[in-house]
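The structure appears right after this line, and notes come after that.
These numbers come from a predicted model, not from an experiment. Letters go in sequence order (proteins before strands), and every chain restarts at 1. As a basis for the values below, the full set of heavy atoms in this structure was taken, side chains included, without hydrogen atoms, waters or symmetry mates.
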Amino acid sequence: MDESPGNGLVADLVSVSEAVGATSKRTEKVRLLAALLTRLAGDEIPIAVGALIGAARQGRIGVGWASLTNVRAGGDHAGGVATLVELDRVLTELSITTGSGSLGRRGSLLDDFAATLSTAELDFVRRLVIGEIRHGALAGVMTDAVAKAAGVPLPDVRRAAMLLGDLGVTAHIALHGGSAALSRIGLIVGRAIEPMLASSAPTVAEALVVTGRASVEWKLDGARIQVHRAGGDVRIFTRNLNEITTRLPRVVDAVSRFEASSFVLDGEAIGLADDGRPLAFQDTMRDFGADLQPAVELQAFFFDIIHLDGRDLLDAPLSERRRVLGDLVGGCVVPAVETDDPTEADRFAATSLATGHEGVVVKAIDSTYEAGRRGSSWVKVKPVHTLDLVVLAAEWGHGRRRGLLSNLHLGARDADDPTRFVMVGKTFKGLTDAVLAWQTARLQALAVRSDGYTVYVEPTMVVEIAIDGVQRSTRYPGGVALRFARVRGYRSDKSAADADTITHLQSLRPGN
DNA sequence: TCCTACAACTC
DNA sequence: TTCGCAT
DNA sequence: ATGCGAAGAGTTGTAGGA
C-alpha cells in the first residue's frame, strides 16, 4: 500500500506502527511506542495516542468475523459498515495502510479490511478523530507506553486516564507534568468515569473466601448507570459511558430531591412490576433502549457513591461509602447485608432470587473503588442451570478459529416426535482448543449438508450446556432462547433421546 | 408507504 | 455478557 | 492478574429498496 509523504507526525506514526506490527512482544511494542511519545510535540500527543492504539496491534489481529457475521446474520460487535467506511477515510488521511481496495460497496470488502485491523481498533481511531475518544478498550499497551515515556508509575497513569476518561489527554499531562500533575487530577462531577467491574464465582462461599468480610448485595438484572449531579444539573451515563440522561426522567427526578449539592452515584436502572418484582431483562431494556419516548417506568437503585459535596470517595473503604450512600439515597439503595458468614450470605442470596433478582455481588468491605478494573474486590454470584442439548449444526469460525467448526446450533428434543429437535440458541463459549479440534472432525463426519458457512449434522451429539436462564424469543420456533449459553462438555454417554425437551425449556421461562 | 437489513446499544 | 488463551 | 478475541440473547432506531 502506498503511503503519501505526510508531515513528521504521520511519518512517525507509519514507521512506528509498522515496527510495532512487526513484533509480537508486548514489551517491545511498549518500548517503541514510548520512544515515539517522548519525541512528539505537545498537541501531537493525544492524536498519536489514539492512532497508535489502532496501529499497535496491527499484524497480530484476527480476521474479524464480525464484518461477515454482521452482514449475514445481523450480529454486532463490528462497529458496523458505516464505521468501517468512515474509518477508511480517516486512516487514509493519516496515511496508515488499511489493506486492499476501497470500502464503497456495503459488505463487499469488509473481510479484507478487517483482516488488516480489528474493528475495535478502527472504532477507536474513528472516535479519536471525531472527538469522542475516551480511555477504553485496547488502551492497555498504550497506557504502558505512556507510563514508560513519561517515566511515571503505571498506576498513576491508569488512575488519571480513568478519571479523565481520555488517555490522550492523560499522556499529554504525564509527559509534561509527570506524576505530580497526574496526582492533581481528580474526579470531575459531570464527567463519567469507568465503573468498577466484578469477577465471578460459582458460590457465595467461594466468593467470600476471595473477599473476606463483605457487603453482600442483591444483583439487579437491569442496566448499570452512573448518576452525576452538580447543583441542579443531573447527568446519567451507561456502563460504557454513553449519556442517557433524557431517557430516565424518573431517575432524574429522584436524584434531584437528594439533599446534597453534588454527588456521583453508581447503581442499576430497572423496571419493577406492581408487585415489586423486577421486569424481565428484555422488558427493562425495551424502555432503556427507547430514545423517543422516555422510560417513565425505570427507576434507579444505587449501590455505591464515589463523590459527595466536593469530596472524592474513591479511596474510602466500602463500609464508609455504603454509610454515606444510605444517608443520601434512602430507599433507593440496593439491599445489602454485611457479613463474613457463608450461611448468612447464602440466605441473603436466596432472598434476592426469591424476589426475582439475579443473585448477589459480594464486595470486600474494606475495598476502595477501583474504577475501570475487574478486580477481586467485587465478586458476582449467579445460579447456573444445566441442560443437555443436541448439536444441530456448527458454523465455521473466524480469526483464531478459522478452519474450525466453532459456533454450535443447539436443539431441544420434541417430546412427541423423536425425529424433531427445536433450535433454542447458539454457543461458541467454553470450548478449549482441543475440543474445538475434536468437534471439527467429529461434526464433519456427521454432516448431512453444508452451505459454506454452516455445516448441518445428524442430530445425535449431546452437549451439556450451562446457562444463566432462558428468555422468551420471537426468533426461535419454540418461543424460548438461552441466555449466556456455554458448553460444559460433550456427553458421549448420552444419546439424543436423553436430551432435555422443548417443553421443559418453555417451563423455565419466567412467568411459567 | 411498508418492510427488511443493518447499526448501536444493553446484558 | 462467558469463557479460554497468551502474556 | 490482565487483556484480548471468539461470538450469544435481546432491544430500539434508521436507511434504503420494493
Side-chain angles (χ1 to χ4, degrees), chain A residues 24-27 29-30 57 60-84 106-107 118-121 123 137-141 143-144 154 158 197-200 219-225 238-242 244 247 268-270 280-293 295 358 372-376 380 382 384 395 397-402 404 406-410 424-436 465-476 480-488:
Chain A
S24 63
K25 295 178 87 76
R26 181 188 171 99
T27 51
K29 290 178 194 293
V30 170
R57 293 164 54 254
R60 55 176 281 265
I61 306 304
V63 167
W65 68 272
S67 56
L68 236 186
T69 307
N70 226 18
V71 169
R72 287 195 184 135
D76 64 344
H77 308 279
V81 175
T83 302
L84 292 176
R106 286 169 82 86
S118 84
T119 49
E121 286 173 336
D123 189 51
L138 307 177
V141 168
T143 307
D144 283 4
L154 181 58
R158 277 208 186 115
L197 306 175
S199 57
S200 69
K219 186 177 192 308
L220 310 187
D221 194 9
R224 184 88 176 261
I225 53 171
T238 65
R239 182 207 144 118
N240 293 314
L241 313 190
N242 296 119
I244 44 139
R247 289 192 205 173
E268 196 84 4
I270 189 171
F281 176 73
Q282 56 201 141
D283 294 323
T284 283
M285 287 315 301
R286 179 153 54 205
D287 270 352
F288 191 79
D291 219 353
L292 298 184
Q293 71 244 42
E358 251 197 309
R373 318 214 55 198
R374 190 183 300 280
S376 53
K380 58 185 161 189
K382 299 188 281 188
V384 174
E395 296 171 14
H398 297 84
R400 72 184 302 281
R401 292 197 179 180
R402 166 159 285 173
L404 294 167
S406 172
N407 198 8
L408 302 176
H409 294 199
L410 304 170
V424 290
K426 307 180 192 177
T427 186
F428 57 92
K429 293 178 185 138
L431 301 161
T432 63
D433 288 355
V435 171
L436 233 22
I465 298 292
I467 57 170
D468 278 22
V470 301
Q471 56 195 333
R472 67 170 187 271
S473 172
T474 52
R475 165 180 320 201
Y476 290 110
V480 56
L482 308 176
R483 193 167 183 206
F484 308 141
R486 57 269 192 190
V487 174
R488 275 287 173 76

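- In the set dC11(B), dT2(C), dG13(D), the nucleotide with an atom closest to the side chain of Arg483(A) is dC11(B).
- Counting non-hydrogen atoms under 4.0 angstrom, Ser406(A) reaches the backbone sugars and phosphates but no base.
- Applying the side-chain hydrogen bond (donor to acceptor under 3.5 Å, both in side chains) criterion to Ser406(A), with sequence neighbours excluded, gives Arg401(A).
- Residue contacts for Ala290(A): at a heavy-atom cut-off of 4.0 Å it reaches the sugar-phosphate backbone alone, with no base atom in range.
- Relative to the side chain of Arg158(A), the nucleotides dG13(D), dT2(D), dT10(B) differ in distance, and dT2(D) lies closest.
- The nucleotide whose nearest atom lies closest to any side-chain atom of Leu292(A) is, among dT10(B), dT2(C), dG13(D), dG13(D).
- Taking atom CG of residue Leu436(A) and atom P of nucleotide dC3(C), one finds them 16 Å apart after rounding to whole Å.
- Looking at the side chain of Asn242(A), the nearest of the listed nucleotides dG10(D), dG3(D), dC9(B) is dC9(B).
- Rounded to whole Å, atom C1' of dA9(D) lies 7 Å from atom CZ of Arg475(A).
- Proximity note for Met285(A) (side chain, C-beta onward) versus dT10(B), dT12(D), dA6(D): the nearest is dT10(B).
- Residue contacts shown for Phe484(A) include a base, since a base heavy atom lies under 4.0 Å away.
- Spacing between dA7(D) and dC11(B) at atom C1', rounded to whole Å, works out to 14 Å.
- As rounded to whole Å, 16 Å separates atom P of dA1(D) from atom CG of Leu197(A).
- Taking side-chain N and O atoms only, Asn240(A) has no distance below 4.0 Å to OP1 or OP2 of dC9(B).
- Considering only side-chain N and O atoms, Arg239(A) lies under 4.0 angstrom from the phosphate OP1 or OP2 of dT1(C).
- With rounding to the nearest 0.5 angstrom, the CG atom of Leu431(A) is 13.0 Å from the CZ atom of Arg488(A).
- Taking atom CD1 on Ile467(A) and atom C1' on dG10(D), their separation rounds to 15 Å, with Å as the unit.
- Computed from coordinates, the Glu268(A) CD to dT1(C) C1' distance equals 13 Å when rounded to whole Å.
- Contact record, Thr427(A) with Ala485(A): OG1-O, 2.6 Å, taken as the closest heavy-atom pair.
- Distances shown here put a side-chain N or O of Lys380(A) below 4.0 Å from the OP1 or OP2 atom of dT2(C).
- With dC11(B), dG10(D), dT11(D) as the candidates, the nucleotide lying closest to the side chain of Gln471(A) is dG10(D).
- Under the side-chain hydrogen bond (donor to acceptor under 3.5 Å, both in side chains) criterion, Asp287(A) pairs with no residue at all, not counting sequence neighbours.
- For Asn407(A), a side-chain nitrogen or oxygen approaches OP1 or OP2 of dG8(D) to under 4.0 Å.
- In this structure, Leu408(A) atom CG and dA9(D) atom C1' are separated by 16 Å, rounded to whole Å.
- Contact annotation for Thr238(A): backbone-only contact, meaning every heavy-atom pair under 4.0 Å involves sugar-phosphate atoms and none involves a base.
- Listed by chain and number, the residues in a side-chain hydrogen bond (donor to acceptor under 3.5 Å, both in side chains) with Asp291(A) are Arg247(A) (sequence neighbours excluded).
- The CD atom of Glu358(A) sits 8.5 Å away from the CG atom of Leu220(A) when rounded to the nearest 0.5 Å.
- Between Asp287(A) and Leu482(A), the residue anchored nearer the 5' end of DNA chain D, judged by the nucleotide with its closest heavy atom, is Leu482(A).
- Looking at residues two or more places apart in sequence or on another chain, you find no side-chain hydrogen bond (donor to acceptor under 3.5 Å, both in side chains) involving Lys380(A).
- When the P atom of dT12(D) is taken as reference, atom CD1 of Ile244(A) falls 16 Å away, rounded to whole Å.
- Residues passing the side chain to side chain contact (heavy atoms under 4.5 Å, CB included) test with Thr432(A), sequence neighbours excluded: Ala434(A), Val435(A).
- Residue contacts shown for Ser473(A) are limited to sugar-phosphate atoms, with no base heavy atom under 4.0 Å away.
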Return the polar atom pairs (N/O with N/O) between nucleotides 4-6 of chain C and the protein under 3.5 Å, or none.
unit_1	atom_1	unit_2	atom_2	d
dC5(C)	OP1	Asp433(A)	N	3.0

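- One interatomic measurement links the two molecules: CD of Glu358(A) to P of dG10(D), which rounds to 17 Å at whole-angstrom precision.
- Of the inter-residue distances, the one linking Phe288(A) atom CZ with Ile270(A) atom CD1 reads 11.5 Å to the nearest 0.5 angstrom.
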